[in-house]
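Following: one structure in structure tokens, then a few remarks.
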Amino acid sequence: MALHVQTRKTASGDSGKTASGESGEIASRLLAWYDAHHRDLPWRIAPRELARGIRPDPYRVWLSEVMLQQTTVEAVKSYFRAFVEKWPDIDALAASPTEDVMKAWAGLGYYSRARNLKACADLVARQGGRFPDTQAGLRELPGIGAYTAAAIAAIAFDQPAAVVDGNVERVVSRLFSIVTPLSEAKSDIRTYVERMVPATRPGDFAQAMMDLGATICTPRQPRCMLCPLREDCSAIISGDAERFPVRLPKGEKPLRRGAAFVAVRGDGAILLRKRGDKGLLGGMTEVPTTGWTARIDGGTTAAAAPFPGNWRPAGKIGHVFTHFALELDVFKAMTDVAAPAGHFWSLADEIPGEALPTVMKKVIEAAIPGATKNQRVH
DNA sequence: AAGTCGGGGCA
DNA sequence: TGCCCAGACTT
């Protein structure tokens with residue numbers, strides 16, 4: 001294995017044995033810092049609770065880890081609370097229809113996660129309601145990849161798994177000043193983490209690495225002077241921790257355009273339809289739209305509407321996805337036609353609870369301000 | 001190995 | 001505006 005790094009002489013010591021038997025001073029320092037400075041999170045069992053014998057609930061660990069995939073802690077909190085309130089355990093989640101899960105997930109993004117979450121719940125419930133307690137077993141389940149399998153194994157089942165997420169990649173790439181682009185360095189980073197994982201408290205070690213990355217070893221302006229690993233860190237010496245991790249330059253984001261049509265009935269209902277289960281916004285609900293093409297020619301018109309009507313321009317909205325930007329011209333019409341095949345009328349007070357992704361809420365808000373928001377009770 | 005897949009917070 | 005976030009899955 002070629003490690004393209006500028007390593008620093010490693011501190012030696014016998015305390016804190018790692019799973020591989022090597023020195024674990026980094027783990028010891030990190031765990032001590034975690035005991036004093038860990039974040040208090042809704043899905044987390046704090047060190048003092050663990051010491052009292054309280055065990056993590058694998059269901060809650062799994063649910064939080066799936067929600068946290070490429071999603072910030074702050075964005076997840078309210079969704080996590082709503083989910084465990086509505087579905088306290090795996091059997092409750094398995095007993096609910098997928099459509100209800102999609103509605104509860106609306107706004108959180110990456111909607112294949114919600115579909116896989118439900119599929120995973122069904123599978124686990126059918127097999128007795130208990131999650132596998134090994135990385136390999138967890139990895140077989142839908143929506144659980146290398147990271148999530150390791151995280152659940154470490155946090156819920158106390159196994160010395162190498163948990164590598166974006167935080168860990170950043171921390172390790174700075175610890176060892178890894179100049180190799182991240183896409184090529186992942187294998188080496190995993191090896192480093194495997195050597196650091198302690199035999200005891202592997203779950204706290206994993207969470208400590210992530211807390212460190214989130215609060216101290218941040219992407220920009222890291223607070224190196226407060227870091228418990230500053231004595232171990234290669235990047236801090238040259239004072240350029242912020243240049244790590246090294247990433248390859250990314251391509252430009254194309255622009256796509258289209259039109260969206262908000263049909264409003266006399267009683268305030270609007271016409272919706274459900275997208276296919278796969279692909280962009282899979283399984284979510286939308287208003288009728290034209291295709292989203294890459295062409296930047298003349299604007300779209302009412303001629304592309306799903307059915308004839310007195311379509312009037314109702315503004316334009318923009319939305320940025322991961323790999324393209326979208327501009328939609330919004331048209332609005334009052335109509336009392338029967339819902340065309342594949343469409344349905346959604347009553348005004350049901351619209352806020354529909355499985356509408358954010359881009360579609362923008363479209364509806366452009367045509368009917370306040371329509372997607374829960375009405376206040378006075 | 002590269003592309004697809006949301007949305008929001010931050011400098 | 002660009003970058004990044006407790007990544008998974010497909011091709």
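Below, read A as the first sequence line, B as the second, and so on, with proteins coming before strands; counting in each chain starts at 1.
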* Structure fact -> note: A/Lys278, atom NZ; B/dC5, atom C1'; distance rounded to Å ~ 14 Å
* Closest to side chain of A/Pro357, choosing from C/dC3, B/dG7, C/dG7 -> B/dG7
* Sugar-phosphate only, base, or nothing, as touched by A/Arg115 at under 4.0 Å among non-hydrogen atoms -> nothing
* How do A/Phe324 and A/Lys362 order along DNA chain B: which one's closest nucleotide is nearer the 5' end? -> A/Phe324
* Asked: What nucleotide among B/dG7, B/dC5, C/dA6 has an atom nearest to a side-chain atom of A/Tyr110?
  -> B/dC5
* Asked: Would you say the side-chain atoms of A/Gln207 and A/Arg44 include a donor-acceptor pair closer than 3.5 Å?
  -> yes
* Would you mind reading off the distance between A/Arg243 atom CZ and C/dC3 atom C1', rounded to a whole angstrom? => 18 Å
* Asked: To the nearest Å, how far apart are A/Ile189 CD1 and C/dG7 C1'?
  -> 15 Å
* To do: Give a yes/no answer on whether the side chain of A/Gln69 brings an N or O atom under 4.0 Å of OP1 or OP2 in C/dG7.
  => no
* Interatomic distance where CZ belongs to A/Arg220 and P belongs to C/dC3 [whole Å] -> 10 Å
* Residue mapping more 5' on DNA chain B - nearest nucleotide basis, A/Gly109 or A/Glu74 -> A/Gly109
* To do: Measure up the A/Phe83 and A/Trp105 rings against each other and bin them: parallel (under 30°), tilted (30 to 60°), perpendicular (over 60°).
  => perpendicular
* Where the side chain of A/Arg39 is concerned, which of C/dC9, C/dA6, B/dC5 is the nearest nucleotide? -> C/dA6
* Six-ring centre of A/Trp292, A/Arg275 cation under 6.0 angstrom, axis tolerance 45° -> yes
* Asked: Of all heavy-atom pairs between A/Pro47 and A/Asp35, which one has the smallest distance, and what is that distance?
  -> CB-OD1, 3.5 Å
* Asked: Where is the tightest heavy-atom contact between A/Thr134 and A/Gln159, given as atom of each residue plus distance?
  -> CA-OE1, 3.9 Å
* Asked: Base, sugar-phosphate, or nothing for A/Gly107, non-hydrogen atoms under 4.0 angstrom?
  -> sugar-phosphate
* **Atom-pair distance (NZ on A/Lys186; C1' on B/dA2), nearest Å** => 13 Å
* Asked: Taking atom P in both C/dA6 and B/dG3, what distance in whole Å separates the two?
  -> 24 Å
* Under-4.0 Å salt bridge between A/Arg273 and A/Glu286 -> yes
* Asked: Which part of the nucleic acid, if any, lies within contact of A/Trp105, taking any heavy atom under 4.0 Å across all strands shown: a base, the sugar-phosphate backbone alone, or nothing?
  -> nothing
* Report yes if at least one side-chain N or O of A/Thr148 is closer than 4.0 Å to OP1 or OP2 of C/dA8; otherwise report no. => yes
* To do: Just call it for A/Gly279: base, sugar-phosphate, or nothing, with non-hydrogen atoms closer than 4.0 Å on any strand.
  => sugar-phosphate
* To do: Would you classify A/Ile155 as touching base, sugar-phosphate or nothing, given that sugar-phosphate means primed atoms plus P, OP1 and OP2, and contacts are heavy atoms under 4.0 Å?
  => nothing
* Asked: Does B/dG7 have OP1 or OP2 sitting under 4.0 Å from an N or O in the side chain of A/His319?
  -> yes
* **Atom-to-atom span, CZ of A/Phe244 to P of C/dC3 - whole angstrom** => 19 Å
* Structure fact -> Of C/dC5, C/dA6, B/dG7, the nucleotide closest to the side chain of A/Asn167 is C/dA6
* Closest nucleotide of DNA chain C for A/Leu141 versus for A/Leu68: which of these residues is on the 5' side? -> A/Leu68
* For the pair made of NE2 in A/His323 and P in B/dG7, what is the distance, rounded to whole Å? -> 13 Å
* Starting at the 5' end of DNA chain C, which residue's closest nucleotide do you reach first, A/Val73 or A/Ile144? -> A/Val73
* P atoms of B/dG8 and C/dA8, separation to the nearest Å -> 22 Å
* Counting side-chain heavy atoms from CB outward, which of B/dG8, C/dA6, B/dC5 is closest to A/Thr358? -> B/dG8
* To do: Give the nucleotide from the list B/dA11, B/dG7, B/dG6 with an atom nearest to the side chain of A/Thr322.
  => B/dG6
* How would you label the contact of A/Ala146 with the nucleic acid (heavy atoms, under 4.0 Å): base, sugar-phosphate, or nothing? -> sugar-phosphate
* If you take all heavy atoms of A/Trp345 and A/Val337, which pair is closest and at what distance? -> NE1-O, 3.2 Å
* If you look at every strand shown and take non-hydrogen atoms under 4.0 Å, does A/Leu108 touch a base, only sugar-phosphate, or nothing? -> base
* Asked: Does A/Arg113 make a side-chain N or O approach to OP1 or OP2 of B/dG6 shorter than 4.0 Å?
  -> no
* Asked: Are OP1 or OP2 of B/dG7 and a side-chain N or O of A/Tyr111 less than 4.0 angstrom apart?
  -> yes
* When the C1' atoms of B/dG6 and C/dC5 are considered, how many whole Å apart are they? -> 12 Å
* Asked: Taking atom P of B/dG6 as reference, at what distance in whole Å does atom CE of A/Met67 sit?
  -> 16 Å
